[in-house]
Structure formats: structure tokens, C-alpha cells
Asker: 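Dropping a structure here in C-alpha cells format, bear with me for questions.
Only heavy atoms go into these numbers, but all of them, side chains included; no hydrogens, no water, no symmetry mates. Each chain gets a letter, A, B and so on, in the order the sequences are listed, and its residues count up from 1.
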Amino acid sequence: MNRGTIDVGSRPGGLDLQATLESGQSYLWWREDGADFEAGTTGDDGWYLTTARVDGTPAVVRTRKREDRLEWESTVDAGPLLRRRLSLGDHLPTIRETAPNDGFVQRAYDTYWGMRVVSDPPFPSVVSFICSAQMRVSRIHRMQQSLREAFGTPVSFDGETYHAYPTPEQLAAASEAELRELKLGYRAPYVKRTAEMVANGEADPGDAAGRTYEEAREYLTQFVGVGEKVADCVLLFSLDYRQAVPLDTWIRTTIEEYYPDCDRGNYVDTSRAIRERLGGEFAGYTQTYIFHYLRHAEDEPPEG
DNA sequence: TAGATACCTTATAG
DNA sequence: ACTATAAGGTATC
């Protein structure tokens, strides 16, 4: 068993672990206490678990926050992995500086200050967001758990057996019927065909990185089940395009209510307009705070 | 090229 | 109880 701690208290903005992991950015983590992310259970002093691949080998990691330190235990040295996946190097005050000085945006930042935009591995991120179409957050999460348990490689850790997130090859080998049994619905063939594309080398979501933002989004839409919105999610939550603003039903409501002039009637132009309105470079970061705030704290009184 | 429609399944509202 | 509706949309026509 490898163990370690990471000081997060001294990092600008600190770390709100629960908000980071339960805000619908990543579907690759689960709570050790088994509580549903939508159950409203508060506090981030319990363990969160995930799997990862280190040099191709499946690993298990668990982490929790104690005071100003992030503690972790793992089958491997998980320090570097956590720093990256949780974006601990992001300078939150600099990011917040770019956000508009609107009341509800500032309240969102106040409420979840310390929440970081994650950097998930590309393939699991693509599959997660293909599954997200017309689906509730809790069920997207459940689907990824089902995929891991049905098709992932078993890994032993601390006396328990876990399952790594399936590889493209493992998902490509699954039948559409098997995927439908896991309640993926019409997303089942999308997941299978995308996994096949990656497995046979036709394309790789990681290859979108390095392109300009809009070219990268175009590249990702070649995968089956990946449209503009899902592509933006992958760019933001996996490939470090912090300007990407996924136009989901929540942000569309926000645009309607607060920024009606940004509605240009189509995805690409509306996306560009709201991206500029939310500060450009880190617009997606701000969108993530807004999304989480609208879903969970809209009725809470403002802080201060 | 822009617009309408079908699509799995489940939780929640009415 | 029972039906309608919506859920972090996309593919297809």
C-alpha cells in the first residue's frame, strides 16, 4: 500500500474536494460510503475512489481531505496522478479574475470556492459524456459504475476487488445487447462504435489536444454519439481547454435569463458569444461553477 | 443548410 | 395509481 499527503491549504483557493468530484464534471469517482452523489450527503472527509492506468497497468486510488491536507492511499504512487486529475496547479484567484462581476456568478464562486475543473483521461471522459445525453447526473454515474464492473479488469486493493474503467478494446468487444442491459439505452451503439474507432486506431480522443479550440471540437465530433456539446465537455473536463463552454440545458436557461443577447440561434455562434461574455480564456471554469450552483444552491442565501 | 423527429430508460411531477 | 414530462443531446432525414 502506497500512502501520501498533499498540502492543499496553501494552494490559492484551496480545494473543495466534494464539489470537484460531485459536480457532474467527472463520472469516474465514487464514494466509499456508497452514498449517491445526488443524495445531498455533505462533507468531503470520507474516502473517494477511482481507478487509473499508470503505464497501462490498472491502479486503484482513494483520497480524502483532512483539514488542509489531501490524504491518499493507492496501489501506486498516486501523488502526481492526483495533482493532475484534480488540477491542483490551477491558480483559482487568477481564473476568477476573468469572470464577469455579476451577482449570481460571484455567488457561485463564493459558494463553491475551491472547486477545480478536473482533468480526466480522454477515453473514459468521452464515454461518460456520450452516456450523458438526455440523462440525469446520478444515472450517468451509475452507468459508468456498471461499465466498470461488467467489462473492467479486476484490481485488488486493501483486501477488496475493484474494476478498472474498461479500455477501448474491452468496450469494443461488448455487444450492443450487453450494453443495453446496463441501461445505456440508445447510447449503447454509440459507445460501442466509438470504442471500436479508438481500439482499431482510426482515431483517438487524446489526439484532439494540441489543436486550436474549435478544430479540436471538430475533431471530437467524428466519434459516434459526440456532438458539439459532448465535445465541449471532453475538451473542458479532460483536455484542458478551459475556454470550452458546453451548452447544456442549464447554461441555455442561464443565457435565456441573464444573457439573452448571446443567443445566436445555433450552437457554434451562441457558444462563441457566451464564451466571450464569461471571460474567454477560463469561460468553461466559470460555467462549471454556474452549472453546479444552479443545480444545487440556487435557493441558498448568498454568503457574507 | 436549417429544421423536425425518433430515440432508451427512469425519476418525478401532476 | 396512472400518464406526461424531462433528463448536462445526437443522428438522421
Asker: Tell me which residues in residues 130-149 of chain A lie within less than 4.0 Å of DNA chain B, going by non-hydrogen atoms.
Answerer: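 Heavy-atom contacts with DNA chain B come from A/R136, A/R139, A/R142.
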Asker: Just how far, in rounded Å, is C1' of C/dG9 from CD1 of A/I251?
Answerer: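 Whole-Å distance recorded here is 16 Å.
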Asker: Rounding to an integer number of angstrom, what distance separates B/dA6 and C/dA6 when you compare their C1' atoms?
Answerer: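 Those two atoms are separated by 16 Å.
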Asker: Pick one: which of A/L81, A/T5, A/D77 meets side chain to side chain contact (heavy atoms under 4.5 Å, CB included) with A/W72?
Answerer: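 The residue from A/L81, A/T5, A/D77 that satisfies side chain to side chain contact (heavy atoms under 4.5 Å, CB included) with A/W72 turns out to be A/D77.
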Asker: Counting runs of three or more consecutive pairs, Watson-Crick or G-U wobble, with each distance below 3.5 Å, where are the stems of DNA chain C?
Answerer: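 Detected stem regions: B:3-7 with C:9-13, B:9-14 with C:2-7.
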Asker: With a non-hydrogen cut-off below 4.0 angstrom, is A/E181 in contact with a base, only sugar-phosphate, or nothing?
Answerer: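 No contact.
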Asker: Check this one for me: any side-chain N or O of A/K183 less than 4.0 Å away from OP1 or OP2 of B/dT10?
Answerer: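 For B/dT10, OP1 or OP2 has a side-chain N or O of A/K183 closer than 4.0 Å.
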Asker: Among residues 221-248 of chain A, which ones have heavy-atom contacts with DNA chain B below 4.0 Å?
Answerer: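 Hits under 4.0 Å, by residue number: none.
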Asker: Looking at every strand, decide which applies to A/R180 at a 4.0 Å heavy-atom threshold: base, sugar-phosphate, or nothing.
Answerer: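 Sugar-phosphate, backbone atoms only, no base.
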Asker: Which part of the nucleic acid does A/F291 contact within heavy-atom distance under 4.0 Å: base, sugar-phosphate only, or nothing?
Answerer: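 A/F291: base contact, heavy atoms under 4.0 Å.
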Asker: Provide, to the nearest angstrom, the distance between the CG atom belonging to A/L184 and the P atom belonging to B/dC7.
Answerer: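 Distance check: A/L184 CG to B/dC7 P gives 18 Å.
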Asker: Do A/Q170 and A/T153 get their side chains close enough for a donor-acceptor pair, meaning under 3.5 Å?
Answerer: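 Yes, because at least one side-chain N or O of A/Q170 sits under 3.5 Å from a partner of the opposite role on A/T153.
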Asker: For A/Q287, report the nucleic acid contact type (base, sugar-phosphate, nothing); a contact means any heavy atom under 4.0 Å.
Answerer: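 Counting heavy atoms under 4.0 Å across all strands, the contact made by A/Q287 includes a base.
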Asker: Scan A/T288 against the nucleic acid and name what it touches under 4.0 Å (heavy atoms): base, sugar-phosphate only, or nothing.
Answerer: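 Nothing: the residue A/T288, judged by heavy atoms under 4.0 Å, touches no strand.
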Asker: Just the rounded figure in Å: distance from C1' of C/dA7 to OH of A/Y27.
Answerer: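 Taking atom C1' of C/dA7 as the reference, OH of A/Y27 is at 11 Å.
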Asker: Between B/dT5 and C/dT5, how far apart are the two P atoms, rounded to whole Å?
Answerer: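 Here B/dT5 and C/dT5 have their P atoms 15 Å from each other.
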Asker: Could you state the CZ-C1' distance from A/R252 to C/dA6, rounded to the nearest angstrom?
Answerer: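 Atom CZ in A/R252 sits about 15 Å away from atom C1' in C/dA6.
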Asker: Using the P atom as the reference point in each nucleotide, state the distance between B/dA4 and C/dG8 in Å, no decimals.
Answerer: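 Rounded to whole Å, the distance is 24 Å.
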Asker: Separation of A/R193 atom CZ from C/dT12 atom C1', in whole Å?
Answerer: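 So the two atoms are 11 Å apart, to the nearest Å.
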